[in-house]
Amino acid sequence: MSDEATITTEAPHAATGLPYSAEDLRTERLLLRPLNSGDLENEHEFERLKDVARYLYWEVHDHDESAEHLRKRIAMNRLAADGDGIVYAVELPDPEGGHSRVIGHVSLFLKKAEWAKFEMGWVFHPAVHGRGYATEATTRLLELCFDTLGGHRVFAQLDARNEASARLCEIIGMRQEAFLRQTEIFKGEWSDTAVYAILEQDFRVGR
């Protein structure tokens with residue numbers, strides 16, 4: 001009998017919580033909710049920043065471009081078939097009951113329902129970096145994937161130069177699985193892509 005540890009995994013299964021319509025998700029300090037038309041000014045506040053757009057597929061947005069971008073993402077509020085996505089506004093409520101503000105957004109895409117595979121992404125205003133908000137929001141998104149949607153695997157793809165996002169992946173328990181060298185021309189130059197992922201079993205152990 002081998003002395004090596006036996007590795008056990010969950011039996012293969014499809015995503016079990018579909019279809020899913022976006023609803024409010026809460027954390028200790030944040031509210032994750034579907035986007036709405038009232039989010040335009042908050043969204044444009046960080047979409048117009050070069051530092052925010054640096055590693056994203058879109059360029060810096062003017063006000064009209066932010067409005068169109070928001071319109072498209074508001075429609076992303078349900079997961080039912082492969083390719084569907086949800087974008088949540090990450091809202092920082094005022095503890096005194098005053099005006100809340102949107103500090104970023106997190107997104108979730110159903111890549112393959114049969115394999116319970118999801119992709120996640122995020123964008124946050126630079127002014128709130130270093131306060132743990134991104135960790136809090138993305139951890140809540142993982143809970144949605146594994147506890148509600150029956151996810152098996154969640155992954156994120158990022159420009160390998162994006163050190164802040166790479167650190168976030170590691171903080172929430174993802175492992176780097178691939179480093180794709182010069183895999184695409186991104187904003188006029190060759191770009192490397194890093195792939196991070198977490199499995200349901202890893203998520204359960206890490207809680």
Side-chain angles (χ1 to χ4, degrees), residues 25 27-33 35 39 42-61 66 69-70 72-73 76 85-92 101-111 117-146 149 151-200 202-203 206-207:
L25 306 173
T27 71
E28 181 179 353
R29 298 179 295 173
L30 304 171
L31 168 65
L32 280 61
R33 58 163 178 78
L35 290 163
D39 292 326
N42 281 156
E43 291 280 309
H44 180 58
E45 184 180 337
F46 57 84
E47 288 184 357
R48 63 186 177 85
L49 301 177
K50 290 183 179 180
D51 287 348
V52 171
R54 175 67 183 93
Y55 298 118
L56 301 176
Y57 282 104
W58 41 267
E59 300 289 350
V60 170
H61 285 165
S66 286
H69 195 209
L70 177 61
K72 292 178 179 178
R73 290 180 299 163
M76 298 170 61
I86 291 176
V87 182
Y88 288 98
V90 180
E91 185 176 291
L92 182 62
R101 65 188 177 113
V102 174
I103 59 173
H105 54 75
V106 292
S107 54
L108 184 65
F109 298 90
L110 177 60
K111 303 304 288 187
K117 183 168 72 171
F118 297 85
E119 180 178 7
M120 63 188 295
W122 50 82
V123 178
F124 286 87
H125 196 300
V128 302
H129 287 181
R131 303 182 190 180
Y133 295 137
T135 299
E136 202 168 312
T138 51
T139 297
R140 184 66 185 89
L141 206 60
L142 288 178
E143 292 173 352
L144 172 68
C145 286
F146 294 122
L149 302 177
H152 171 67
R153 170 184 167 86
V154 181
F155 71 96
Q157 299 186 85
L158 48 133
D159 189 299
R161 295 167 295 184
N162 191 344
E163 296 179 357
S165 284
R167 285 195 301 271
L168 176 58
C169 287
E170 293 169 355
I171 289 171
I172 63 177
M174 289 183 159
R175 302 177 185 178
Q176 183 177 322
E177 295 185 339
F179 187 94
L180 309 177
R181 300 173 59 217
Q182 298 187 6
T183 187
E184 62 183 350
I185 297 176
F186 178 72
K187 297 186 176 179
E189 58 186 341
W190 286 112
S191 172
D192 301 331
T193 298
V195 179
Y196 286 79
I198 184 171
L199 301 180
E200 179 185 9
D202 302 325
F203 178 74
R207 297 182 85 172

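Remember, it's a predicted structure, so these values are computed and weren't measured experimentally.
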### Query
So which heavy atom on Ala197 is nearest to which on Arg153, and how close?
CB-NH1, 3.5 Å
### Task
Measure across Ala160 and Phe179 and return the closest heavy-atom pair with its distance rounded to 0.1 Å.
CB-CE1, 3.4 Å
### Summary
Heavy-atom nearest pair, Leu110 first then Phe118, reads CD1-CE2, 3.5 Å
### Message
Measuring only between side-chain heavy atoms, which start at C-beta, is Glu91 closer than 4.5 Å to Leu32?
### Response
no
#### Entry: Between NZ on residue Lys111 and CD on residue Glu119, distance to nearest 0.5 Å
4.5 Å
### Query
Under a 4.5 Å cut-off applied to non-hydrogen side-chain atoms, are Leu141 and Val154 in contact?
no
### Query
When rounded to the nearest 0.5 angstrom, what is the spacing between CD1 in Ile86 and CG in Leu144?
7.0 Å
### Residue pair His125 / Arg101, side-chain donor-acceptor N/O under 3.5 Å
no
### Query
Given side chains that start at C-beta, do those of Leu35 and Tyr88 come closer than 4.5 Å, heavy atoms only?
no
### Message
Contact between Arg140 and Val90 at the side-chain level, heavy atoms closer than 4.5 Å - yes or no?
### Response
no
## Note on the structure
Of all heavy-atom pairs linking Arg161 and Ser191, the shortest is NH2-OG, 4.0 Å
### Task
Supply the atom-to-atom distance Phe155 CZ to Met120 CE, rounded to the nearest 0.5 angstrom.
11.5 Å
Taking only distance into account, with no hydrogens and no angle test, what donor-acceptor pairs under 3.5 Å do side-chain atoms of residues 165-176 form with protein atoms, sequence neighbours excluded?
residue: Ser165; atom: OG; partner: Trp122; partner atom: NE1; Å: 3.0
residue: Ser165; atom: OG; partner: Asn162; partner atom: ND2; Å: 3.2
residue: Gln176; atom: OE1; partner: Tyr196; partner atom: OH; Å: 3.1

### Message
Test your reading of the model: is there a side-chain donor-acceptor pair from Glu136 to the backbone of Thr27, 3.5 Å cut-off?
### Response
no
### Task
Please report the shortest heavy-atom distance between Gln182 and Asp192, naming the atom on each side.
N-OD1, 2.6 Å
#### Entry: From Tyr133 atom OH to Ile103 atom CD1, the distance as rounded to the nearest 0.5 Å
6.0 Å
### Task
Could you check if a side-chain atom of Leu30 sits within less than 4.5 angstrom of a side-chain atom of Leu92, using non-hydrogen atoms only?
yes
### Task
Taking all heavy atoms of Asp39 and all of Leu70, pick out the closest pair and write down the distance.
C-CD2, 4.1 Å
